[in-house]
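Shown next, in structure tokens, is the structure this report addresses.
Each ligand, and each atom within it, is numbered from 1 in the order the structure gives. In this chain, numbering begins with 1 at the start of the sequence shown. Every heavy atom of this structure was used, including side-chain atoms; hydrogens, water molecules and symmetry mates were not.
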Amino acid sequence: MKFFIDTANLEEIRKAQLLGLLDGITTNPSLISKEIIDKSDIYNHYTSICNLLKREEGNVSIEVISTNYTDMIQEGEKLSLLHPKIVVKIPISKDGIKAIKYLSNKNIKTNCTLVFSLGQALLAAKVGSNYVSPFIGRLDDISYNGLSLVKEIKTIYEYYHFNTKILAASIRNPFHILECAKIGIHAVTTPFKVIDTLFYHPLTKIGLKKFLKDYDNINES
Ligand code: G3P
């Protein structure tokens, strides 16, 4: 299972890198707005993120801010030329689906985002999106079961052997990660703090304390 970090913060990316747990990055306009003050710095910031990643550390999804087909494909092409690691993230809509089809035909990688239903996920796969990003946490927030959606997408994609990879997004807790892992979801994208929670178990802490105490009790000659 791949661990993408959902951030535009360089320090947060470094934390995952230092642990050898970085498989890619996803950003969105909200995340980028936390990191830069002036819009003229956006592309430089995207380049800095891409340059930080080693070859084996995956790709970087960058979201378009255009909402119509013509502007989306223009923006997508511009983003794809910025760095080879960039995957163009496109929100689901009629224009978005057309743009994904166009970019796919030009071998530009795409990630269909803001996916909240099975129908949307089916459309993304049919036009050849490389990734689909269903938002688990935001569905849970409105009392829908985000994990059920991810499971259903996986079932449908398997029936038809779609190549679109599921990049489960809006991950809020370790349960989301582990439930995705149990059904073999390709990747999750999450803030680093959620990955951090996977390390801890009280019995590990107690066990280590006892091991070291017992070791200290051995005589030294
Ligand atoms: O990047 C999209 C998604 O992961 C956003 O997550 O926590 O803002 O719902 P969240």
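Annotation: T27 places no N or O atom under 3.5 Å from an N or O atom of ligand 1; distance criterion only. Between T189 and ligand 1, no N or O atom pair is found at a separation short of 3.5 Å. At a 3.5 angstrom cut-off on N or O pairs, T26 does not count as close to ligand 1.
Taken from CD1 in I153 to CD in E158, the straight-line distance is 12.0 Å, to the nearest 0.5 Å.
I183 is connected to L178 through a chain of hydrophobic side-chain contacts under 4.5 Å among Ile, Leu, Val, Met, Phe, Trp and Tyr, so both are in one cluster. Hydrophobic clustering keeps L212 apart from Y200 (ILVMFWY residues linked when any side-chain heavy atoms are closer than 4.5 Å, directly or through intermediates). I108 and V87 are not part of a single hydrophobic cluster, where members link through side-chain heavy atoms under 4.5 Å apart.
Figure legend: cation-pi geometry between K154 and Y159 absent, as NZ or CZ is not positioned both under 6.0 Å from the six-membered ring centre and within 45° of its axis.
Residue contact check for ligand 1: E63 places no non-hydrogen atom closer than 4.0 Å to it.
Protein heavy atom nearest atom 7 (O) of ligand 1, with residue, atom name and distance: R172 NE, 3.1 Å. Of the protein's heavy atoms, S170 CA, 3.3 Å lies nearest to atom 6 (O) of ligand 1. With hydrogens left out, the protein atom closest to atom 8 (O) of ligand 1 is R138 NH2, 2.8 Å, a heavy atom. Among all non-hydrogen protein atoms, the one lying nearest atom 2 (C) of ligand 1 is F135 CZ, 3.3 Å. At the shortest separation from atom 4 (O) of ligand 1 among protein heavy atoms lies D6 OD2, 2.5 Å.
Ring orientation note: the planes of H186 and Y131 are tilted relative to one another, at an angle of 30° to 60°.
Paired with T26 under the rule side-chain hydrogen bond (donor to acceptor under 3.5 Å, both in side chains), one option of D6, T7, N111 passes, and it is D6.
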